[in-house]
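To keep things clear, I will list the structure first and then write my remarks on it.
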Amino acid sequence: MDSLIAPPATPEGAVTKIEFRNIQKVYRVKKENGGGYDDFVVLKDFNLDVYAGEFLTLVGPSGCGKSTLLDLLAGLIPLSGGEIRIDGRIIDGPAMDRGFVMQAYALFPWLNVQANVEFGLTIKKVPKKERRAISGHFLELVGLTAFANRYPHELSGGMKQRVAIARALAFDPEVLLMDEPFAALDAQTRETLQDELLDLWEKTGKTVVFVTHSIDEAVYLADRIAVLASNPGRLIELVNIKLSRPRQGSRGSAEFGWIRHKIWRYLQNDEGGQEPIPELGVPNVAEVIDSRAAL
Amino acid sequence: MSTKTADAQVAIANPALTATKVNPGASLPIGKVLKPLGAFFRGFAIIFIIIGLWEAFPRFGWIDPFLLPRFSDVVTGFFTLLKTGEFFKHFNVSIARISSGFFGGLCLAIPIGIFMGWFKTFEEYVNPLVEACRNSSVLTLYPIFILLFGIGEQAKIAIIMWGTTWVVLLNTIAGVKNVDSVLIKSARSMGVGDLTLLWKVILPAATPSIITGIRLGAANSILILIAAEMIGSNSGLGFMIFYFEARYAIPEMYAGVIFLALMGVTVHEILCRVESYLTSWHEKSIYFGT
Ligand SMILES: Nc1ncnc2c1ncn2[C@@H]1O[C@H](COP(=O)(O)OP(=O)(O)OP(=O)(O)O)[C@@H](O)[C@H]1O
Ligand SMILES: [Mg+2]
């Protein structure tokens, strides 16, 4: 049964894209009573390799430092220790090799959908004609061609996040960082967008680092799940998800439920599920294992 | 975009309509007549009624025609002023004063406001001072301005500038300071530098607030202009009104007053249009009109 999820052995032929090495993040916070400052350790000795082209999801209790980790990777905030490399190069600030999609609808409300998608291209000084072609392409990919001239306040939440994804993809980053992008959406829209995202990921071959609160979402999307614990934030488990793709309709399956339960147990006892997880009588386990080549 | 705003205004005006519909016994025949004319004409109806009363009262001797001349006499007076060129003499002087004062104020307040909004600690130091300046009654300061700048044009321009600057400054600071941090984060994540951030994110996001400041500043500057011209001056629209009153040229005096009211309304209208055009993306415009 345990072979549905596997220990983090480096899969054959996998190329490391992102390296987190001994990441430390400390915030200075004011002491509760009286003056002075305390060091608040958000992340401690965090190590992780993300492979090129993989879909990695980060789960963990609220406040364990998932967003912090993504902000560090985006280069938006400074590290307190350690280093992050992309393709071997140390990152020292934000750049367009990474695209960021946030939970809040971060579209520029004074720009229409097309101009929002083109924002990064404008920054890159891509000529207008080319910009139009690129934004047209990505709007088509997210199914919003007909809404190119609408303004963000005229869109639903799901449409806004589609635009945000198109905007992040438009300047062709190698890595897509997503911080709970679907958390504010209703369940149905969320599932639709998950499928659309997987579709885009398969089409574009981007490396995706995706933070979520939802175990269900993490399992559905991921090649691998990184499970974090808090105080200080650290990696407690790395889980390969060997469910076959495409995964539409797999949510109800026993395998899916078993993995979800397993991740849930990891999150329950921070130590990483030393308690044995009961077998759930899943048939044809071998078939499931083999149906997905590692990465 | 502006049509949408117009729709919203109609929608806001509508509850009154639906209210009479729900309660048919209360609806007056005049309401039925005016209904198809829409909110626009209903607003004007009251003005026409007032003009009618204005014409009638002096005509039928219900009020001393010397104190309140017939409206038609006021209109005639206005055309006489136009013909003799006396009106334009004063009008041009006033326009020159208000445009130097108002635009001077904008040129000062907007850049400084952006700077202060950007450097928040600086703003913390200066904020009490700005609030104090804004809330001090402008006209009580006029003697000081006259003392400093003399009775000529400079004092008038300076006080109009003063009246424009603070409200524009405060609204600019607020606009820049309150830009949604998520938008800044999102732009920063694309490697955007300070200048680009300012130009592509902060300024557009702050525009609604800045425009509101400009609209309030414009209203202020008209009020201050007239007051300043009434206090120590021998030209300008404010002076003209006083002058006619002193000369018992009452219809002309009323003509001046009405003209100034119309000018105020026009400037307000234009700036509201500009505001709703430039900020049509603002969600608020759906819910609140303007
Ligand atoms: N600027 C800051 N100053 C001080 N502490 C901070 C700051 N930003 C984040 N923290 C703290 O760091 C910890 C991790 O925050 P982070 O936002 O990364 O958590 P998270 O895992 O994303 O949580 P959630 O799942 O609720 O989004 C929290 O305890 C938070 O209080
Ligand atoms: Mg978070």
Side-chain angles (χ1 to χ4, degrees), chain A residues 67 70-77 91-113 115-126 149-155 160-161 163-165 167-173 175-179 181 184, chain B residues 1-8 11 114 121 171-172 174-212 214 274-290:
Chain A
S67 297
L70 232 51
D71 288 353
L72 289 167
L73 179 52
L76 289 167
I77 53 173
I91 63 153
D92 58 355
M96 289 203 181
D97 56 350
R98 286 146 282 158
F100 205 153
V101 181
M102 285 176 262
Q103 175 186 343
Y105 306 128
L107 301 180
F108 302 111
W110 56 88
L111 299 179
N112 67 19
V113 165
N116 260 290
V117 175
E118 288 176 11
F119 187 86
L121 301 168
T122 323
I123 303 298
K124 259 183 163 176
K125 302 215 156 54
V126 174
N149 294 319
R150 295 268 191 114
Y151 282 81
H153 74 261
E154 302 169 305
L155 304 178
K160 284 183 203 176
Q161 283 312 60
V163 177
I165 293 170
R167 180 177 67 183
L169 288 172
F171 52 84
D172 199 25
V175 182
L176 196 56
L177 312 178
M178 309 185 88
D179 193 357
Chain B
M1 286 293 122
S2 50
T3 46
K4 180 160 34 60
T5 318
D7 284 345
I114 291 167
T121 37
N171 276 279
T172 307
V176 171
K177 227 173 48 173
N178 297 333
V179 177
D180 191 350
S181 62
V182 163
L183 298 181
I184 295 178
K185 184 175 172 182
S186 151
R188 285 286 196 206
S189 78
M190 290 182 235
V192 163
D194 283 358
L195 263 186
T196 318
L197 186 74
L198 186 68
W199 192 243
K200 295 249 178 203
V201 179
I202 308 239
L203 279 184
T207 300
S209 185
I210 296 175
I211 304 266
T212 304
I214 293 176
V274 171
E275 188 172 8
S276 78
Y277 173 75
L278 285 179
T279 62
S280 53
W281 51 268
H282 216 234
E283 279 174 78
K284 256 193 199 161
S285 63
I286 303 174
Y287 304 116
F288 300 121
T290 41

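Per chain, numbering begins at 1; letters A, B, ... match sequence-line order.
When A:Phe108, A:Trp110, A:Tyr105 are compared by the number of non-hydrogen pairs under 4.5 Å with chain B, A:Trp110 comes out ahead. Of all the listed residues (B:Val201, B:Leu278, B:Asp180, B:Thr207), the one sharing the greatest number of non-hydrogen pairs under 4.5 Å with chain A is B:Val201.
Contacts of A:Asp97 with chain B are absent, with no heavy-atom separation under 4.5 Å from either backbone or side chain. Using a 4.5 Å cut-off between heavy atoms, B:Thr196 touches chain A through its side chain atoms alone. If you measure heavy-atom distances from A:Leu177 to chain B, you find no contacts under 4.5 Å at all. For A:Ala106, the parts sitting under 4.5 Å from any heavy atom of chain B are the backbone and the side chain alike.
The heavy-atom pair separating A:Leu107 from B:Leu183 by the smallest distance is O-CD2, 3.2 Å.
Between the CD1 atom of A:Ile77 and the CZ atom of B:Arg188 there is a distance of 14.0 Å, given to the nearest 0.5 Å.
Looking at heavy atoms from C-beta onward, A:Met102 lies out of side-chain contact with B:Ser189 at the 4.5 angstrom threshold.
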